[in-house]
Protein chains: 2
Amino acid sequence: MSSTLKDIAEKTGVSVSTVSRVLHDNTKKYKISEETQTRVKQAAKEIGYRVNALARGLRLQKTYEIGIIVPDIANPFFSAVIKSLAGELRQRGYNFIVYDSDEDIAIERSAIKSLLEKRVDGLVIASVGQDYSHIQKIRDAGIPLVMVDRCFDALDVDSVSVDNVKGSLLAVDHLIKEGHHRIAFIQGLPGTYANETRLQGYKSALYAAGISIDEQLIVGDDFRSHNGYLKTKMLLKLLDPPTAIFTAGDLIALGTLEACRENNISIPGDLSLITFDDPDFASYLSPALTAVEQPITKMAEMAVAMLYNRMKNPDDERTKILLEPKLNIRSSVTRISSVTNITQIMKTETIKE
Amino acid sequence: MSSTLKDIAEKTGVSVSTVSRVLHDNTKKYKISEETQTRVKQAAKEIGYRVNALARGLRLQKTYEIGIIVPDIANPFFSAVIKSLAGELRQRGYNFIVYDSDEDIAIERSAIKSLLEKRVDGLVIASVGQDYSHIQKIRDAGIPLVMVDRCFDALDVDSVSVDNVKGSLLAVDHLIKEGHHRIAFIQGLPGTYANETRLQGYKSALYAAGISIDEQLIVGDDFRSHNGYLKTKMLLKLLDPPTAIFTAGDLIALGTLEACRENNISIPGDLSLITFDDPDFASYLSPALTAVEQPITKMAEMAVAMLYNRMKNPDDERTKILLEPKLNIRSSVTRISSVTNITQIMKTETIKE
DNA sequence: CTAATTAATGCAATCCTTTGCACAAAATAT
DNA sequence: ATATTTTGTGCAAAGGATTGCATTAATTAG
């Protein structure tokens, strides 16, 4: 079906080696006569020759492919990350293969298996989290790898992510400054890097403000919108409901919006909302969402640069980079009066005792 | 670095063939003794063996990879399509490689080149449009191919897309029923299948209602949000601005929302808005967007089924499938009084003469 | 006890490309 | 005219896996 170097060789009467050299050896290391060159090129075009990347990769032990794994392609945050990574990689002459682990660590494992079988030259992984033994194996096997967004503090691997703790601090501090004391946190998948660090930021902010932590207000179990929907409904049913909700991801916030709409709760009138992640559509939502933005382009740029460096210098020391988040204040948070605050605090105390 | 069948063979003292058969021949066509099997499997595990997909693909002339090309990964519509395709493919034991053509036909071409070099078993393409000579070549080369969403009427290739004309009719009819006569259309990339068919639906609806077409109200040149933003600003500056806008894609609608917000135009108070594509967040926008929904899951399901069939039966007749769109009425369209209508019509007439 | 099966494994070709080394012919130097 | 260098090209191995055919040893049949 598809033609090979051999076909061209037969057609032009030269050897396969010569054909290969004409078509791919940009170096003039081998001196092929002008005449042969044109004859071969001509034949290649006529016959519609296309190099076989499998054979080449096999021979060269290099594929110019990078594997990318994210927990959810359809999540605007990750699709933006992929898009940025793709641009960076293309510039450097690399292609990429994306896998969607669907927030499932078993799929993540099998994705890694597939990619390694394909002999990709490197990996960029936004891990589901929870466990890192499989990632550790990749590193130990000496395969270039960088983790983005979702990484592991305890694992010594190149990584670039946003300072999640700081992002949460920014968000919760803002709520506190606006007079909120009863602030709920709807988390993503527990045990996950992104989640634990964001939770930590939430707790620190409350602690720093002298607000005691109410475990009832920490709910949720994954990054999907349905989680936001369900948990918001639960929070609203509390005897002493929160005056503000901080969600760990954009999709969760969408679920919260849906629940509020159904229950005729006005945001920010009745409830303030702030979320981690700042997708393109955040400012067009009703109301425009106050959100913590992550520097996606920067993240992709650095990830590729780090991967590139790791491929060149396998023995460099590994680095973990933390980028600065940014709080974009829009209109989903309202100031509440200090009178209310005091009542709130008293209420909280009462429950606590 | 990574181990091969040969390593295992040496370690266990059997031949490479035997190792291969133990590890991959699920058929019991060759009878390998239980003892050898366990010895080989054991060694493979110890040594961390991993098949080389390049070598296997080369030998088998089959890679179990499907190439996917879309114009914009970050567009929620396409990322949803990819996600659905991915699920379908995985079920059938296929992997996939995604490329983002960035709405650029040159990148699309080079993506196709790359994928064919990798010897993918089939292709799913949402083409940029404009030209199809490169697609025709794939078909003529006998490579299994199905087009989704963006296809070509004039090209005989398996394809599945939504009935765009009907979708536009649904949208514009709805506007007309709500009393609108001055309806603008902000298009996507001209020359594109999706765009031309949607435009056609828009025109037919107006024609059927006896409303003359005002070329001033047909604007726009790509599917990005910036296009929506710019063109909305222009439309608003018209002496006789539209009372409703119909946008050819979700991102365009986002741009329109932004422009309206900046100009203090209330939707649907001052202007009604309806869009093609219905992303998850459409119902949470301000206002909740009335939108034409495409059956994405169905589309992916059928695309994979068709591709699968084409791989099995290369000579079957090719089919073009059109799926039904659905209008989701929310709150971005308002009814306008017939008095206004008449004035509007008169104004239009005046300009026309 | 010989002939015919069956069980268990190995040989070697094939898939396609790349590249170090060898070699013949032509050009240049001595 | 001989020795040396340069040009232009081919040979063959390597990269890893698969599989039809061949082969040997062990069983079973007759």
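Here is how names work: the chains are called A, B, and so on, in the same order as the sequence lines, proteins then strands, and each is numbered from 1.
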(message) Please compare B:Val14 and B:Gln61 by the position of their nearest nucleotide in DNA chain C and report the one closer to 5'.
(response) B:Val14
(request) Check whether any side-chain nitrogen or oxygen of A:Ser15 sits under 4.0 Å from OP1 or OP2 of D:dT9, and answer yes or no. (result) no
(message) Tell me the interatomic distance from A:Lys6, atom NZ, to C:dT14, atom C1', rounded to whole angstroms.
(response) 10 Å
(message) Starting the side chain at C-beta, find the nucleotide from D:dA13, C:dT9, C:dC11 nearest to B:Thr36.
(response) C:dT9
(message) Under 4.0 Å between a side-chain nitrogen and a carboxylate oxygen: does that hold for A:Lys320 and A:Asp156?
(response) no
(message) Does B:Leu60 reach a base, just sugar-phosphate, or nothing at all? Heavy atoms under 4.0 Å.
(response) sugar-phosphate
(request) Please report, rounded to the nearest Å, how far the C1' atom of D:dT9 is from the CZ atom of A:Arg39. (result) 12 Å
(request) Taking only the side-chain nitrogens and oxygens of B:Ser17, find out if one of them lies under 4.0 Å from OP1 or OP2 of D:dT19. (result) no
(request) Taking only the side-chain heavy atoms of B:Arg21 (C-beta and beyond), determine which of D:dT19, C:dT18, D:dT9 contains the nearest atom. (result) D:dT19
(message) Distance check needed: C:dA12 P versus B:Arg59 CZ, whole Å only.
(response) 16 Å
(request) Measure from CD1 on B:Ile8 to C1' on D:dG16 and round the result to the nearest Å. (result) 12 Å
(message) Quick one, A:Arg318 and A:Leu155 - any side-chain contact, counting heavy atoms below 4.5 Å?
(response) no
(message) Quick one about B:Tyr193 and B:Asp149 (side-chain donor to acceptor, distance below 3.5 Å, no hydrogens or angles considered), yes or no?
(response) no
(request) Using atom NZ of B:Lys62 as one end and atom C1' of D:dT19 as the other, report the distance to the nearest whole Å. (result) 18 Å
(message) Heavy atoms from C-beta onward define the side chain here; which of C:dT17, C:dG10, C:dA13 lies closest to that of A:Ala55?
(response) C:dT17
(message) Between P on D:dT9 and CG on A:Leu5, what's the gap in Å once rounded to a whole number?
(response) 16 Å
(request) Look at the side-chain N and O atoms of A:Arg56 and state whether any lies under 4.0 Å from the OP1 or OP2 oxygen of C:dT18. (result) yes
(request) Map A:Leu58 and B:Val16 onto DNA chain C by nearest heavy atom, then report which one ends up closer to the 5' terminus. (result) B:Val16
(request) May I have the distance from A:Leu23 (atom CG) to C:dC16 (atom C1'), rounded to whole angstrom? (result) 13 Å
(request) Measure from the side chain of A:Ile32, starting at C-beta and using heavy atoms only, and say which of C:dT18, D:dT9, D:dA17 lies closest. (result) D:dT9
(message) Classify A:Ser33 by what it touches in the nucleic acid, base, sugar-phosphate, or nothing, heavy-atom distance under 4.0 Å.
(response) sugar-phosphate
(request) Calculate the interatomic distance between B:Asn52 atom CG and D:dA14 atom P; express it in whole Å. (result) 17 Å
(message) Checking side-chain polar atoms at under 3.5 Å, does A:Ser127 have a donor or acceptor matched by the opposite partner on A:Glu108?
(response) yes
(request) For residues A:Arg310 and A:Asp158, report the shortest heavy-atom separation together with the two atoms involved. (result) NE-OD2, 2.7 Å
(message) Does D:dG16 have its OP1 or OP2 closer than 4.0 Å to a side-chain nitrogen or oxygen of B:Thr4?
(response) no
(message) Side-chain N or O of A:Tyr49 versus OP1/OP2 of C:dT17: is the shortest distance under 4.0 Å?
(response) yes
(message) Could you check whether any side-chain heavy atom of B:Thr36 comes within less than 4.5 Å of a side-chain heavy atom of B:Thr18, counting everything from C-beta outward?
(response) yes
